[in-house]
Student: 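So that we are looking at the same thing, I have put the structure below in structure tokens.
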Amino acid sequence: MVQQVSTFLRREFRFLHKPLNPWSRLLLLAAAVTIAASIFFPLWKMHLVAPQYSDGLDLYIFSYKIQGGGLNGQHLNEINGLNHYIGMKPIQEADFLEMRWMPFVFGLIILMTLRSVVFGEMSNVVDLFAIYSYFGSFSIASFWYRLYTYGHSLDPHAPVHIKAFTPRLIGVEQIANFREHSFPQAGAYLLCLSVLLIVLAGWFSRKEQSA
Amino acid sequence: MKTTKKYWIALAIGVIATGFTGCGKSSSTSQGDRTANALATYVAPGEKDEYYLFYSGGHSGQVFVAGLPSLRHISTIPVFAPYPGTGYGFDEASKKMLGGFAWGDMHHPALSQTDSKYDGRWLFVNDVANNRIARIDLRDFKTHQILGPIPNSMGNHGSSFVTENTEYILCATRFSVPLPKGRVADPKDYEKEFNGMVSGIKVDPQTGEMKVGWQILTPPFDWDLGSTGKGPSSGWAFWTNYNTAMAHDVLEANATQKDRDLCAIVNWRAAAQAVADGKAQMMDGVPIIDPAKVPGILYFVPIGKSPHGFDVDPTGKWVVAGGKLQPATTVLNFEKVQAAINNKTFEGNFRGVPILKYEAVVEGEVPVGLGPLHTQYDGKGFAYTSMFIDSCIVKWKLPPWSGEEKKDLNKVVLDKVQTHFATGHLVVAGSDTKNPYGKWLVAMNKLSAGRHINVGPAEPESSQLIDISGDKMKMVAEAYTEPEPHFAQILKVSEIQPAEVYPKDENKDPNAVWDKAQTGVTRNGNQVVAKLTAIRSRFTPDRIDAQVGDTLTIYLTNIEQTRDMIHGFGIVENNINITVDPGETKTMKLKLTKTGVFPFYCTNFCSALHQEMQGYLVVWKTGEGPANPAPAGATAQR
Ligand SMILES: [Cu+2]
């Protein structure tokens, strides 16, 4: 038993100290670039369609800002204007605290990725993967909680009374006269790609001899 | 004189049988054509027209915008008369533009041009009755300036004719009066004491702002219609005249005795230069050129008979006058006009102004039929003339003509299509540019005489859409228009991009307010100022306190930025109603004379809670009521 545990640990220890081959390093570099690129694209988009808004109202969520569609981001004002009828709080960037620290975390992860490229040890990749996963799940959960809060703190004095609700995170649903489409966008896909690249980086160096 | 007599007999028959002579075409449409016509003009729900049609509204004072090919009325642009539908004439800015007049007689809309092509910037319209010119900006389809009454100008009918690059809008007077205006003389001394005028209205090339540039004094002729030159006739303008006799009473008979009337050929560029050279004298603040003293500016040409339209073709070489009381159009060759001027081929002069020898400048008289008025062009060498008495449109071929054709000009008359009835103006898409769109012709008929469902004795006018893309003209649709289109302009929809809303950052009104903190009611002596916002579905503030004897100024900003989210603002029993478009600020002024609580409400349906969009104007007795009307945003709900 002790023997087995110790073998396992030793193997793990050796695994964590495996060097990364140039392919893995290249993949990690690509992951860093992908994460950086994701900042320039929206992570999520909500698209609201009603008879009199046949072209739809768009809301884009970036890692660091909220952007309405239309001229000068007018769609955000319009969505807030409409939401006031059901007593929903105006959606405004200032309320999204996470948008302040997101770019910082992105920077941190990019640095960790570059660290793996430079030091080239399997342990770096594992650290990176662990932190990245944690951050990713936390962000999604926090985003869902945002949606929940917006839908569950409706002003009881509003002109129109509706039951508290949580707008859908992914998919299509009908809210009053609006059909809401909520789907991840290029930014989110880039982040998924970066995760894949990190996993592949580990995979390609799994058979390297430890130093 | 034999032909004249025959003509008068024909005229009499024509008048009796209004619209049923001459064309000899059945007005019924065969079943096969019905389907083709319906498809040609059908604009399915959700689809859009290809052209704008800007109709003048005559004595309604407004411009009507229709779409082609559907011929549907789409919107009304108020210009010379109040229009509660858009609040025009109720807010301070539009009231000021109207200048106290409640109507105008709008005749000839003209799109601005650059290089003799529509540039899609402005639409100019004239007011015959009150001697004004207005400019509509095609960015928002609204009236932005009304110039006038123009000094020394009476009966601004012979306008608004835009020059090749919109340097000027040229106008000529239909009436003559003793000048300057305000001077009185006995109409019996008409010939001696009365005068007409040609005016050059200068247009600022950047802003479109108009001002009176200069004027040319003319004999007391009644200038009728005209057009501006291009190509070989660049720098020139043309007007017909129906009162060479200078009659001052019973014009119907006294002004129609001559076989030919003296029409005007004006070198407007030379006129502008003469003014710059100091050759003008001031009258009522305007530099006036006396064409007898400054040669080279005005020439006369005799044209039969009581001619109406005088239209330059797209090449600028041919100028066609509609004979009205002569069954022919007269085609002038501008190159010959130029030669006659250079060689002084004159047949005399009138009050010092040379009269060009008719035979030296005319290319031919085309026997189009009875009552030819206006001519339009398709840019492919064809002309289309409206026939008032014959009630039809005649298609004919412009010169150059073959020897055969010259011998018998009946041969250049190619096609006639009956209209219903008594066509006045007609418009071919882009006719007054150097590259007409062609394709569509709209006949604006003076009589509809029961073509429509019976709406009682006040009958509308009729407009008919004619497809001119083939060899034969084809009448495809008919619609009824409010009184009373005199001429129209057709513009391709794809050539302009009007605004959908007024962007917030372009609102330069110093009294615009965009959020609650800036709103409120303040008092200074007996001046009460209320700054309000409108957004679905509330006014902020929704209470205004004031007193009898106060002057209340309300600045209302529609803070919406979504298209078609228009709000209205009506105050009951106070004769106030305005509308504010998204991003727009309007100013209202009221002198408060009676106590009471006057509800105000949104008059332009905006939202499901539009009915709830209301508030109160509380007018207390003098010295009563709250000392401070309302601090910023105070009366807003929350
Ligand atoms: Cu409203």
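Since we're looking at a predicted model, the values are computed, not measured. Letters A, B, ... are given to chains in the order of the sequence lines, protein chains preceding strands, and every chain is numbered from 1.
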Student: Quick check: under 4.5 Å, non-hydrogen atoms only, which of residues 75-84 of chain A neighbour chain B?
Tutor: E78(A), L82(A), H84(A)
Student: Around W101(A), counting heavy atoms of other residues, nucleotides and ligands shown, do more than 12 lie under 6.0 Å from its CH2?
Tutor: yes
Student: State, without any angle test, whether S537(B) and Y85(A) hold a side-chain donor-acceptor pair at a distance under 3.5 Å.
Tutor: yes
Student: Does atom OH (Y616(B)) have a neighbourhood of more than 12 heavy atoms from anything else shown, all under 6.0 Å?
Tutor: no
Student: If you measure from CD on Q52(A) to CE on M565(B), what distance do you get to the nearest 0.5 Å?
Tutor: 6.5 Å
Student: Would you give me the side-chain donor-acceptor pairs under 3.5 Å for residues 105-113 of chain A, sequence neighbours excluded?
Tutor:
unit_1: T113(A); atom_1: OG1; unit_2: I109(A); atom_2: O; d: 2.6

Student: Should the heavy atoms of other residues, nucleotides or ligands under 6.0 Å from CZ of F183(A) be counted, would the total exceed 12?
Tutor: yes
Student: Would you say CZ of F605(B) has more than 12 non-hydrogen atoms from neighbouring residues, nucleotides or ligands within 6.0 angstrom?
Tutor: yes
Student: More than 12 heavy atoms of other residues, nucleotides or ligands under 6.0 Å from CZ of F178(A): yes or no?
Tutor: yes
Student: Does I74(B) CD1 have over 12 foreign heavy atoms under 6.0 Å away?
Tutor: yes
